Amino acid sequence: MKICALTNGVMRVAYPVGGSAYKCFPSGSNLAADALTFETVVEAAEFLIKNPTWGIRMNPGAAIIYDNIQIHR
């Protein structure tokens, strides 16, 4: 499974922060204290489907992406 988004012509892909956890953030926040952590990409994808205003950290650029998120199975 892959979580990705095409933004400004750049394909971004969610990645485990620190190599071990996917981090989702509420709209308008990039604070670690506000983030929810998921051990697997499947858990993060399920959460994002249920909470469409939230975003997830993606590379390149280590940006938190909130819009145009796609989940590929």
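None of these values were measured; they are calculated from a predicted model. Residue indices begin at 1 and follow the sequence shown.
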### Message
Could you see if Val10 belongs to whatever hydrophobic cluster contains Val13? Use Ile, Leu, Val, Met, Phe, Trp, Tyr and a side-chain cutoff under 4.5 Å.
### Response
no

### Spatial distance of atom CG (Asn30) from atom CD1 (Ile64) [nearest 0.5 Å]
5.0 Å

## Note on the structure
So CD of Gln70 and NZ of Lys2: to nearest 0.5 Å the spacing works out to 9.5 Å

Return the minimal non-hydrogen interatomic distance between [X] and [Y], and the atom names on each side.
X     : Y     : value
Tyr66 : Ser29 : OH-O, 2.5 Å
Met1  : Ala45 : SD-CB, 3.6 Å
Phe38 : Cys24 : CE1-SG, 3.8 Å

Would you mind reporting whether [Y] and [X] have side-chain heavy atoms less than 4.5 Å apart?
X     : Y     : value
Met58 : Ile69 : yes
Val41 : Glu43 : no
Lys23 : Leu36 : no
Cys4  : Arg12 : no
Asn68 : Leu6  : no
Val17 : Tyr22 : no

### Task
Would you please name every residue forming a side-chain hydrogen bond (donor to acceptor under 3.5 Å, both in side chains) with Ser27, sequence neighbours left out?
none

For residues 46-57, dump all side-chain donor-acceptor pairs below 3.5 Å to protein atoms at least two apart in sequence or in another chain.
residue, atom, partner, partner atom, Å
Asn51, ND2, Phe47, O, 2.9
Arg57, NH1, Ala62, O, 2.5

